[in-house]
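Everything below concerns the one structure shown next.
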Amino acid sequence: MRLPARIQRQSPSLSDPTDLGENGRIDARQQMKNVSTNYVALAVGFVSVLVLTPLLVRHLGDVQFGLWVVVMSVVGYLGLLDLGLRPSVVKFVAEYRARGEHSELREYVSTVFTLYLGAGLVAIAGTVSFSAIAGDALDLGPELDATAAGVFVVGGVGVAIAFVNGLAGGVLEGFQRYDWNNGIAVTTQSVTFAGSLVLLHFGHGLLSFVALPVVATALGMVARLTLVRARLGVRVSIRHFRFGALRKGLSYATWAFVLAIATQLVFQTDSLIISLSMSIALVTVYSIAWRMVDAVNRVVFQTVNICLPLFSDLAARNQAERQRELFTESLRIAMAVAVPCHVTFLLLGDHIIELWIGPGYQSSYTVLVVLSLTFLIHVPAHVSAVLMLGTGKHRALALVSLAAAVVNVVLSIILGLWFGIVGVALATGISFVGALGVIVPMQALRQTGLAVRTYVATLAGPLLVGCAIWAAGTGLAPWLPTSPTLSHVVGMTSTIFALFLLGLITFGMSSADRNRYVGALRRSRNEERKHAAQCDHPDV
């Protein structure tokens, strides 16, 4: 049966191989949909974390909440069974689609699917085995041994489901359908949020809160696989497994795997070090600051990550100039998103934590300051990483990131013994400054041919405006309320963002930059009007 013309225009398929218009110009309308739905998904996740975290801390207590964080950190290492293939799915789907190589696309996706089925079984077997010794390893006491064992097993099942779910999501992203992917994410997050409130109301324990997102992810996996098959025309089956596709994927995934190891060491090790060398209750104190910074990271990363398949597409078409322009714009936008958020944490973080979690977590603010400065430095490195992953030139990125991660682990142990949880945060900052703050962006500049002067100027505008706001806020601090209410914090946060936007437009951009953004907005609006007209008159 033939689809209506309106649906055909809205549904990409294997026979619709590109998301770039004439002269390689990016489809602004689709990218606006991708970015806006990314923000909707992030907003739903942010509200969920904002509301649930204090409720769960109070309901479970510092020990059980800390146990949850530690178990998820341990289980997170099973994600390495991905072997670095997840970003390869986005890259190769985008490239095969750009070249119209339909059978190769189907075979590659099916090959990764087959590997993920095996990896999922290994993950489940591993967590079942470890669950028998989990209580003794973490020294939890007999009252929590059974809970820890159950959480480990459920976490392993969640990892297995996440592999296939990530594959389906990668195909959607390779087709530039982040809007579909995000729609499913919003639904599953909403189900998890509502379900968690129900579990809290009826007084359920830790195991129920761990199992709920696993069930929601399974539903999301089914929905994504249905879209991949029915709307994109990609049939995923172990019958299409090909060793040639496996060899090609592993040649790319080898260094992506090294990068994944580095990422796990950076993002999952801190809580383990704190729990083993200090106290599992301190994991909760550290996790509060980490969750705040991670919320900003997710906004920045999701803003930039949609460019990965675009970098792959442009590389397949040998459009170096467009690639350089996309890299520069990604840097500018990422910094514009990150800077006001981190300035807000520096100025108001202690009040936000007290209003959010309650009194008694002052140590979290010191950790928050260190992590905020650290991940502000990390923003250009992440944009550079997306470029390198999208173009397949990520070997140097992997090696540098692994070296930084090893340094981070060693310093976390040493500085943690000297300065406690603040020392663990300092270790992350020290390892990030040189390796990821300088070396990785310089590699990206060599790859794109972007001048250092242009790179510095791109970063300088948002940073200078942010520093000015921080200096003004610090100078006004003695005249501000020492214990502001929620309305005061919301008002001051809104003021920071408004001043940053005004300062960025007025002082942080050249007139050429302002004209370019105005032109891009006009083109996007014109494309939207043209698309609406085509939908109203499908035969035109």
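Side chains are part of it too, since the values below use all heavy atoms of this structure and drop only hydrogens, waters and symmetry mates. Fair warning: this is a prediction, and the values are worked out from it, not measured in the lab. Throughout, residue positions are numbered sequentially from 1 according to the sequence presented.
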For residues 44-55, please give each side-chain donor-acceptor pair under 3.5 Å, one per line with the distance, not counting sequence neighbours.
from, atom 1, to, atom 2, distance (Å)
Thr53, OG1, Val49, O, 2.8
Thr53, OG1, Arg291, NH1, 3.3

Under a 3.5 Å threshold, yes or no: a donor from one side chain and an acceptor from the other, between Thr217 and Asn165? no
Using a 6.0 Å cut-off, check whether atom CZ of Arg229 has over 12 heavy atoms from anything other than its own residue. no
What is the minimum heavy-atom distance between Ala334 and Val304, and which atoms define it? CB-CG2, 3.7 Å
Could you please spell out the steps behind the side-chain hydrogen bond (donor to acceptor under 3.5 Å, both in side chains) verdict for Asn182 and Thr37? CA-CA 6 Å; Asn182 290 325; Thr37 55; 3.0 Å; yes
Partners meeting side chain to side chain contact (heavy atoms under 4.5 Å, CB included) with Ala253 (sequence neighbours left out): Leu85
Contact list for residues 79-88, test side-chain hydrogen bond (donor to acceptor under 3.5 Å, both in side chains), sequence neighbours left out: Asp82-Tyr116, Arg86-Glu173, Ser88-Tyr108
Residues passing the side chain to side chain contact (heavy atoms under 4.5 Å, CB included) test with Ala398, sequence neighbours excluded, are Trp255, Val258, Leu259
Indicate yes or no: at least one non-hydrogen side-chain atom of Met292 is less than 4.5 angstrom from one of Leu371. no
Between Ser237 and Arg235, does a side-chain hydrogen bond (donor to acceptor under 3.5 Å, both in side chains) hold up when you go through it step by step? CA-CA 6 Å; Ser237 171; Arg235 297 180 178 272; over 6 Å; no
Those residues at least two apart in sequence (or on a different chain) that pass salt bridge (Lys or Arg N to Asp or Glu O under 4.0 Å) with Glu95 are Lys91, Arg99
Just wondering, do His59 and Phe65 contact through their side chains at under 4.5 Å, heavy atoms? no
For Ile238, all residues meeting side chain to side chain contact (heavy atoms under 4.5 Å, CB included), sequence neighbours excluded: Phe113, Thr114, Leu117
Nearest-0.5 Å distance, CG of residue Leu389 to OG of residue Ser384: 11.0 Å
Validation row, ring centre Trp290 to ring centre Phe375 under 6.0 Å: yes
Any side-chain donor paired with an acceptor under 3.5 Å for His382 and Asn297? no
